[in-house]
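Right, one structure below, let's go through it.
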Amino acid sequence: MGALFQGRCGWALLALGALVFPLLAQSSYLISVATQACIMGIAALGLNLITGYTGQLNLAHGAFMAVGAYTVGILTVDHQLPFWIAFVLAGGVTALLGFFIGVLSLRLRGHYFSIFTLCVGYILFLLIEKWERLTHGPVGIMGIPVPPGIGPLQFATPLAQYYLALAFLALGIWVMARIVRSLLGRSFIAVRNGDALAEALGIDLMRTKTLSFVLSVLYAGFAGGLYAGQVRVLGPDLASESLTFDLVMFMLVGGIGTLLGPLVGTCLMTGLTQSLQFLQDYRMLVFGPLLVVLIIFLPDGIVGSWLRHRARRAASGGRSTVSSPFATETPAPPHA
C-alpha cells in the first residue's frame, strides 16, 4: 500500500487531487486561496533551490517576487504592453537583477550572505515604496489585466486562473526535477555539502552559486508575474521581509532540500492559516505554538522526515522503495 504513494503513482495522485479540488471547494474564495498557494509554491520551489540544494539562505527572495510582479504591473498598466510579453520580461528582469546581485553577494558565505541579502531585500522594498514615478509609491498599481486567453482557453474566472497557476506549478516542478537530478543539480548539492569538497571535485564555486541564484530568482519572478495577474493590485508590502519569511516557513515545514517539501509546506500552512481565520487576531496564539512544535519534533520537515525514515528502513533491510525520476530526494542536512 505504501508503494502507491511513492514515485510516479504518488505524483499522479497529487495531480489528480489538485485537478479535482475545485469540484470539492465550497466557494470561489477557496479557489482563489488555492490559486495563491500554487503561486507561492512556485516561489518556494525557487527558494528551495538556492537554500535547500545549494546551501545559501537568500532573505531577499520575496523582494525578487515583488520585482517580477511590479514588472508586469508597470508594463501592462503604464505602457499597455500585452500581459504575456510583460510576463516573460518579468522573468528576464528578475534574472538579470539576480545575476548582478548574486555576483556581489555570493562572495560572502554563511550568515554574512544571508544578512547581505536581507539588506538587499530592504533596499528593493524602499525603491518600490519611494520611487513613485516608476512604481506609484505607497498607492501601488491598480487595474492590472488578467492573463488574456490563449486560443480557446480563457483565464478571466477564478476557476480558470486556478488551473493556469496549477499548470505553471506543474511545469515548475518538472523543470526543477530535471535540474536537481542532473549533473548541475549534483554540483549544487556538492556546494551545499562544502566549498572545499566542491572545489576538490573541480566545480567552479562562483559560477555554480550564481547560476543557482539566478534560477532561483527566475522562479520568483515568474511567480510574481502570475501573482500580479491574479490579484490585479500591487502595493509595496509585497516586497517586505514577511513574504520571504513565509516562504522559508513553507520550506522548513515541508522539508528543505526536497522536491515535494516546499509544496507540502505551502499547502499545509496556507490551509492552516485559512482554517484559523475564525480566531481573527488571536489565531497566531494557536498558529505560532503549532509551528514551533512541528519544527521541534520534525526538524527535517514532513517530507524530509519521511524520506529519512524510508532510508533507514531500506538500510535495515526493510521493503525497497519504488524508483522513479521523481522519487529521488536529497534532504538538506540539519545545519543547511
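Sequential numbering from 1 along the given sequence is applied to the chain's residues. Computation of the quantities below employed the complete heavy-atom set of this structure, encompassing side-chain atoms and omitting hydrogens, waters and symmetry-equivalent molecules.
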| Closest contact, heavy atoms only, Leu49 versus Ser216 | CD2-N, 4.1 Å
| query | Is it true that atom OH of Tyr163 has more than 12 heavy atoms of other residues, nucleotides or ligands lying nearer than 6.0 Å? | reply | yes
| Do you know which two heavy atoms are closest between Cys38 and Leu169, and how far apart they sit? | O-CD1, 3.9 Å
| said: Show the nearest heavy-atom pair for residues Ala44 and Thr266, with the distance to one decimal. | reply: CB-OG1, 4.0 Å
| field | Proximity of Phe168 and Phe87 rings by center, below 6.0 Å | value | yes
| query | Should we say atom CZ of Phe21 is surrounded by more than 12 heavy atoms from elsewhere, each under 6.0 Å from it? | reply | yes
| How many angstroms lie between CG in Asp237 and CG in Leu243, if you round to the nearest 0.5 Å? | 10.5 Å
| message | I need the minimum non-hydrogen distance between Val146 and Ala156, along with the two atoms involved. | response | CG2-CA, 4.4 Å
| Met142 atom CE: more than 12 heavy-atom contacts under 6.0 Å | no
| request: Please report the closest heavy-atom contact between Gly172 and Leu45, naming both atoms and the distance. | output: C-CD1, 4.1 Å
| task | Working to the nearest 0.5 Å, report the span between CZ of Phe113 and CD1 of Ile50. | result | 5.5 Å
| query | So, the side chain of Thr135 versus the backbone of Ile128: is there a donor-acceptor pair under 3.5 Å, distance only? | reply | yes
| Residue pair Gln161 / Phe155: nearest heavy atoms and the distance that separates them | CG-O, 3.2 Å
| Point-to-point distance, once rounded to the nearest 0.5 Å, from CE of Met249 to CG of Asp246 | 4.5 Å
